[in-house]
Amino acid sequence: MPSISTHLHLALLASDRLPITDTDAFLLGSVYPDQMYISEYKSVLLHYKEHVEDPCDLKRFLECESKDDFTLGYYYHLWCDEYVKHVELEDITKYDRLICDMEVLIPVIQRLCNNSYTGKYQQSMENIMILEREPMPLYLVSPSKKEKYVEVLESIVDAFVKELECVCNM
């Protein structure tokens, strides 16, 4: 499963390619299921699973949830959790990913933090505000690793856009 920063980075990349009207709602939905400080049981429920080892039940999610930009972001999160299990990141460490994500996300996080949210949107913001307190590794990521990482993220977005076209045509 991707980190919150990677989920947010993926959602930002996808937001320009999807039929959404409220980018902020989409971004907030993309981090909603990874709520901090909740029980494993609630985390399993938020990921539409019966048991922690199960895959996310995307079909059940689509049957149960409303159709809005926040929900599309939530769906994207669940879909990414399943899809990235098959993605190879080679020598790109979790710290390389964090640095690459945060270089892109800092202005987005600052913009989101300037708004007032309630309910599920507020819970998503709590997940995002944790990123601001994340200690950053003290090194620079090589340009070749950054390029490879962005290529991988773009391939995930491409796959999701195709998946969404199939889901919408059902």
Side-chain angles (χ1 to χ4, degrees), residues 1-37 43 46-47 52 55-56 58 69-115 117 121-168:
M1 291 181 7
S3 67
I4 289 175
S5 63
T6 302
H7 273 296
L8 194 57
H9 193 168
L10 282 164
L12 184 63
L13 291 173
S15 66
D16 291 335
R17 298 188 48 200
L18 297 173
I20 58 175
T21 56
D22 186 345
T23 302
D24 289 358
F26 179 75
L27 295 174
L28 293 170
S30 76
V31 298
Y32 179 72
D34 284 351
Q35 294 179 19
M36 298 295 154
Y37 315 116
S43 179
L46 286 170
H47 283 82
V52 73
C56 300
L58 298 174
D69 293 335
F70 182 91
T71 305
L72 181 58
Y74 189 161
Y75 178 80
Y76 187 43
H77 176 106
L78 300 179
W79 182 89
C80 286
D81 278 356
E82 295 306 315
Y83 187 81
V84 299
K85 293 175 184 174
H86 312 288
V87 173
E88 177 57 50
L89 286 174
E90 297 173 7
D91 65 339
I92 303 169
T93 70
K94 87 175 200 178
Y95 297 110
D96 295 333
R97 295 190 301 265
L98 177 63
I99 292 169
C100 293
D101 291 339
M102 293 306 287
E103 284 177 355
V104 171
L105 295 176
I106 287 172
V108 175
I109 291 168
Q110 289 170 343
R111 181 176 54 77
L112 290 170
C113 286
N114 287 331
N115 296 317
Y117 298 104
Y121 291 85
Q122 176 58 36
Q123 182 59 55
S124 294
M125 278 308 302
E126 289 174 17
N127 292 346
I128 291 170
M129 287 187 283
I130 288 170
L131 293 176
E132 289 188 314
R133 296 187 297 269
E134 186 79 32
M136 292 297 288
L138 299 174
Y139 66 91
L140 297 174
V141 178
S142 73
S144 62
K145 281 187 179 183
K146 281 185 188 180
E147 185 178 308
K148 176 65 178 166
Y149 183 60
V150 171
E151 284 176 20
V152 168
L153 295 183
E154 290 287 353
S155 72
I156 294 168
V157 172
D158 289 343
F160 181 72
V161 169
K162 288 178 187 171
E163 171 72 17
L164 195 58
E165 289 169 358
C166 293
V167 168
C168 290

- Within a strict 4.5 Å, meaning less than it, do heavy atoms of the Lys148 and Asp91 side chains meet? no

- Message: Strictly distance-based, threshold 3.5 Å: is any side-chain N or O of Tyr74 a donor or acceptor partner for the main-chain N or O of Leu46?
- Response: yes

- Item | Working for side-chain contact (heavy atoms from CB on, under 4.5 Å), residues Asn115 and Met125 | CA-CA 10 Å; Asn115 296 317; Met125 278 308 302; over 6 Å; no

- Note on the structure: Rounded to the nearest 0.5 Å, the OH atom of Tyr76 sits from the CG atom of Leu10 at a distance of 4.5 Å

- Please name the pair of heavy atoms, one in Ile99 and one in Met136, separated by the smallest distance, quoted to 0.1 Å. CA-CE, 3.7 Å

- Query: In this structure, are over 12 heavy atoms from other groups packed under 6.0 Å from Lys162 atom NZ?
  - Reply: no

- Pair Tyr149, Thr6: side-chain N/O donor-acceptor within cut-off below 3.5 Å: yes

- Anything under 30° is parallel, anything over 60° is perpendicular, the rest tilted; go ahead and classify Tyr121 against Phe70. tilted

- Task: Drop me the distance from Met129's CE to Ser124's OG, to the nearest 0.5 angstrom.
- Result: 10.5 Å

- Item | Evaluation steps, side-chain contact (heavy atoms from CB on, under 4.5 Å), between Gln123 and Asn127 | CA-CA 7 Å; Gln123 182 59 55; Asn127 292 346; 3.7 Å; yes

- Shortest non-hydrogen contact between Pro33 and His77, atoms and distance: CG-CD2, 3.4 Å

- To the nearest 0.5 Å, what is the distance between CG (Leu153) and CG (Leu12)? 10.5 Å

- Task: Test side-chain contact (heavy atoms from CB on, under 4.5 Å) on Leu27 and Ile128 and set out the steps.
- Result: CA-CA 10 Å; Leu27 295 174; Ile128 291 170; 5.8 Å; no

- Query: Can you find a heavy atom in the side chain of Ile4 that is under 4.5 Å from one in the side chain of Ile130?
  - Reply: no

- Message: Distance check, rounded to the nearest 0.5 Å: Asn114 atom CG versus Arg111 atom CZ?
- Response: 9.5 Å

- Item | Considering all heavy atoms, the nearest Val157-Ala14 contact | CG1-CA, 3.9 Å

- Query: Is it true that a side-chain atom of Asp22 and a backbone atom of Asp69 form a donor plus acceptor pair closer than 3.5 Å?
  - Reply: no

- At their closest point, which heavy atom of Lys145 faces which heavy atom of Val141, and how far apart are they? CB-CG1, 3.7 Å

- Is a side-chain donor-acceptor pair under 3.5 Å present for Asp96 with Thr93? yes

- Message: One pair to check against side-chain contact (heavy atoms from CB on, under 4.5 Å): Tyr75 and Thr71. What are the steps and the verdict?
- Response: CA-CA 6 Å; Tyr75 178 80; Thr71 305; 5.6 Å; no

- How long is the span from the CG atom in Leu13 to the CD atom in Glu154, to the nearest 0.5 Å? 5.0 Å

- Which heavy-atom pair separates Cys100 from Lys146 by the least distance, and what is that distance? SG-CG, 3.4 Å

- Query: To the nearest 0.5 Å, what is the distance between CG (Asp101) and NE2 (His7)?
  - Reply: 10.5 Å

- Query: What are the two closest heavy atoms between Asp34 and Pro2, and how far apart are they?
  - Reply: OD2-O, 4.1 Å

